[in-house]
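Note sheet for the following structure.
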Amino acid sequence: MNKPSIGVIGAGLAGCEAALVLAQRGMNVVLYEMRPVKTTPAHKTALPAELVCSNSLKSQELPAAQALLKAELDLWGSPLLQCARSANVRAGSALAVDRNAFSCAVKKRMDSTDGITCVTGEIADIPQGHDAVILATGPLTSDIMVDWLTKKFDARSCYFYDAIAPIVSADSIDMNTAFFANRWVENSDDYCNCPFTEAQYRVFHDALTNATVTPARDFEQERFFEACLPIEIIAKRGFEAMSFGPLKPIGLFNPHGTQKHAYAVLQLRRENDSGDSFSMVAFQTRLTIPEQKRVFRMIPGLENAEFIRYGSCHRNTFIDAPTLLENDLSFKSMPDLFCAGQLCGNEGYVESIATGHYAALGVLGRITKPARRPLPLTTAIGALINYVVSTDKRPFAPSSFHFGLLPALDGGKRKKIPKKQKHEIFCNRALEDMKQWLI
C-alpha cells in the first residue's frame, strides 16, 4: 500500500517538528518553504527552524512552567528539543542555543530522515494531492497566504496586530494597597483594583510618557486599532486620558486608609478560576521589558509585581482559533487542513514545537484511527491546546504556557501553600497524567 502523503507548509519550529514526527511514523511528507525564493524582513538565512528573536527556549529546571512544557515534550520524544540540546550554549537554567548550530542540526535531522521532501517557493493556496495538510506559516505569514485565509474563513477571523497586556502573579500583588471590587456590582470581588492618588498618578503618567518603547521594525507599521491602543499612546493624548479611560475610578471605593475616592484605578482581571494570575486590563504596550518592570512597578500595589507575561503590541498574524479549529487543531470547515505554531494562537518557541507535534498526532489519528483520547487538561500541552481552541476570552489573543492555564488544585479548595510547592505539585501531576495518557 502507498504511504499517506502529508503536506506541511512552513519550515519553522512547528512545521519542522510536525514533518519529523510524521516521517518517523511512516508518512510521506512534503515540506513547503518559501525561503530563499522569497524571504521575510525578520529572517536572515534559508535554514529551517531559524530563531528570529531570542536564542533562549527558556527554563529547563522544574518546577518552572517552561520546564514542564519541555519535560512533557521529552516524554513525546520531541525531535526539535533534541536538536536544541545538541546546540546548547551556557545560560544557567535556561536552554539557550547557538542559532546557526540549532538550525543546522534540524536540517541534518530532516535530511537524514526518510520520507521528507522539501519544496521551495511561495504557496498561494493549499496544495492538492495530500491526505492532509498542516498550515504552519507563522506570525509573518506571507501576504498571499493571508489573502487566502481571509477569503476562505472571513477576514474577521484573522488579526494583524497583537495587543497583549501584562499578566502578574497574584502572590506578588500587595493587598494592603489593592482591593477587590466591581464598579457595577456591590460586594463583588470580580476585579482586583490598584488605586492612585493624584500625586502617584502624576509620577506614573510622567514615567509612562517618557519611557522607552520597542522600535518598530521596517516591516511593522505603527498602525493601531482604537480598541487596543498601547497604554503609552493613550497617556500621550493628555494628562487625564487614562483617568477618563482605562484607569477611570468611577464606582470603586478604596477600603484602605482615609481617601475612599481614588484619582485613578488600574483594574486587574483573573486569568483563571483559582486566581493565581491577573492580567492588567487595557494595558497592552510597546514598552521594552526593562521599562515595563520599572514603570509598571510604580503602580500602587504592584511595587513587587512578578510578571508572568509581559505586554506587547506588534504585527502578528494569527487566526481566531476558538472559532475556526477543532480540538485536534484541524479546521472545522476543512477537516483535512490543520494549523500549528504561532499562526494557531500560541506564543513562544517551545509552544510552537508543542502545537506542531500535536497537529502531527492529530493527522496521524485522522489517518490511522482510532484517534487518541484528548490530552488531560492537567498537562502543560493539554492546557495550552485547550486555551487555543476553547478560550472564551474576546478578542482572542495568543498565549504562551503558564501555570494559570492549569486547573486549580483540588478544585481550588486546597489551603494556601507556598508558590514553589504548588508549582511542584502542578508539575508532578502533569507528568504523571501525561505518562498515563501515553500508555
> Could you go step by step and tell me if Phe153 and Ser333 meet the side-chain contact (heavy atoms from CB on, under 4.5 Å) rule?
Replying inline: CA-CA 9 Å; Phe153 300 110; Ser333 62; 3.3 Å; yes

>> Assess the residue pair Thr113 and Gln24 against the criterion (side-chain hydrogen bond (donor to acceptor under 3.5 Å, both in side chains)); give the C-alpha distance rounded to whole Å, side-chain angles, the decisive distance to 0.1 Å, and a yes or no.
In response: CA-CA 7 Å; Thr113 300; Gln24 290 169 358; 5.0 Å; no

>> What verdict does the side-chain contact (heavy atoms from CB on, under 4.5 Å) test give for Leu81 and Asp74, after you've listed the backbone C-alpha separation in whole Å, the side-chain angles of each residue and the deciding distance to 0.1 Å?
In response: CA-CA 7 Å; Leu81 269 190; Asp74 284 334; 3.7 Å; yes

> Taking it one step at a time, do Met27 and Leu364 satisfy side-chain contact (heavy atoms from CB on, under 4.5 Å)?
Replying inline: CA-CA 9 Å; Met27 306 289 115; Leu364 290 167; 3.9 Å; yes

> Passes side-chain contact (heavy atoms from CB on, under 4.5 Å), Asn346 versus Ser399? Steps please.
Replying inline: CA-CA 5 Å; Asn346 68 250; Ser399 180; over 6 Å; no

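A salt bridge links Asp276 with Lys422: the distance from a Lys NZ or Arg NE/NH1/NH2 to an Asp or Glu carboxylate oxygen falls below 4.0 Å. For the pair Arg270 and Asp189, the salt-bridge criterion is met [side-chain N within less than 4.0 Å of a carboxylate O]. Residues Glu306 and Lys293 are not paired through a salt bridge, judged by the lack of any N-O separation under 4.0 Å between the basic side chain and the carboxylate. Classification of Lys151 and Asp147 as a salt-bridged pair fails, no side-chain N sitting under 4.0 Å from a carboxylate O. A salt bridge links Lys38 with Glu122: at least one charged nitrogen is closer than 4.0 Å to a carboxylate oxygen. Using a 4.0 Å cut-off between charged side-chain N and carboxylate O, Lys3 and Asp114 make no salt bridge.
Ser330 and Arg366 are linked by a side-chain donor-acceptor pair at a separation below 3.5 angstrom, with hydrogens and angles left out of the test. Judged purely by distance below 3.5 Å, without hydrogens or angles, the side chains of Glu50 and Ser103 never pair a donor atom with an acceptor atom. With hydrogens and angles left out, the side-chain atoms of Ser93 and Gln60 include no donor and acceptor closer than 3.5 Å. The closest side-chain donor-acceptor pair between Gln82 and Arg109 falls under 3.5 angstrom. Side-chain polar atoms of Asp433 and Thr379 form no donor-acceptor pair below 3.5 angstrom. Between Thr285 and Gln292, the side chains place no donor N or O within less than 3.5 Å of an acceptor N or O (distance only, hydrogens not considered).
The shortest side-chain heavy-atom distance between Arg269 and Tyr191 falls under the 4.5 Å cut-off. Contact of the Leu73 side chain with the Lys70 side chain is not registered, since no non-hydrogen atoms from C-beta on lie closer than 4.5 Å. The shortest side-chain heavy-atom distance between Val295 and Leu287 falls under the 4.5 Å cut-off. A heavy-atom distance below 4.5 Å is found between the side chains of Leu325 and Phe331. Between His402 and Gln66 the shortest side-chain heavy-atom distance does not fall below 4.5 Å. For the pair Glu351/Leu384, a side-chain contact is recorded, criterion being any heavy-atom separation below 4.5 Å from C-beta on. Side-chain atoms of Glu232 and Pro230, non-hydrogen and from C-beta on, do get closer than 4.5 Å to each other. Taking the side chain as every heavy atom from C-beta outward, Val389 and Glu326 never approach each other to under 4.5 Å.
Nearest heavy-atom pair across Ala383 and Leu406 is CB-CD2, 3.7 Å. Closest non-hydrogen pair, Ile173 versus Leu302, comes out as CG1-CD2, 4.0 Å. When every heavy atom of Lys435 is checked against every heavy atom of Leu75, the shortest pair comes out as CG-CD1, 4.0 Å. Closest approach of Met110 and Cys16 over heavy atoms only: CE-SG, 3.8 Å. Across all non-hydrogen atoms, the minimal contact from Cys83 to Ala105 is SG-O, 3.8 Å. Residues Pro166 and Gly311 come closest through the heavy atom pair CG-N, 3.6 Å.
Between Ile381 atom CD1 and Glu72 atom CD the span is 5.0 Å, to the nearest 0.5 Å. Expressed to the nearest 0.5 Å, how far CG of Leu69 lies from NZ of Lys58 amounts to 10.0 Å. In this structure, Phe278 CZ and Cys192 SG are separated by 5.5 Å, a value rounded to the nearest 0.5 Å. Distance check, rounded to the nearest 0.5 Å: SG of Cys194 to CE of Met280 gives 7.5 Å. Atom-to-atom distance recorded for Asn428:CG and Thr378:OG1 is 12.0 Å, nearest 0.5 angstrom. Rounding to the nearest 0.5 Å gives a distance of 12.5 Å between CE of Met434 and CD1 of Ile439.
Remark: side-chain polar atoms of Thr391 are not paired, donor with acceptor, to backbone N or O of Val388 under 3.5 angstrom. Side-chain atoms of Thr39 never come within 3.5 Å of backbone atoms of Arg35 as a donor-acceptor pair (strictly under, hydrogens ignored). Using modelled atom types, one side-chain atom of Ser59 and one backbone atom of Glu61 make a donor-acceptor pair closer than 3.5 Å. Remark: side-chain polar atoms of Arg309 are paired, donor with acceptor, to backbone N or O of Ala165 under 3.5 angstrom. Of the possible donor and acceptor atoms, one in the side chain of Arg183 sits under 3.5 Å from a partner among the backbone N and O of Lys248. With hydrogens and angles disregarded, no donor-acceptor distance shorter than 3.5 Å links the side chain of Thr317 to the backbone of Leu140. With hydrogens and angles disregarded, a donor-acceptor distance shorter than 3.5 Å links the side chain of Asp131 to the backbone of Ser5. At distances below 3.5 Å, not a single donor-acceptor pair connects side-chain atoms of Gln267 with backbone N or O atoms of Asn193.
The neighbour count for Gln421 CD, taken as heavy atoms of other residues, nucleotides or ligands under 6.0 Å away, is above 12. Heavy-atom contacts from other residues, nucleotides or ligands closer than 6.0 Å to NZ of Lys107 number 12 or fewer. Within a 6.0 Å radius of CZ in Arg85, more than 12 heavy atoms belonging to other residues, nucleotides or ligands are found. Around NZ of Lys108, the count of heavy atoms belonging to other residues, nucleotides or ligands within 6.0 Å does not exceed 12.
When ring centroids are compared, Phe283 and Phe296 come within the 6.0 Å threshold. For Tyr387 and Phe401, the gap between ring centers reaches or exceeds 6.0 Å.
Trp76 and Tyr358 have parallel rings, their planes meeting at less than 30° on a 0 to 90° scale where 60° marks the start of perpendicular.
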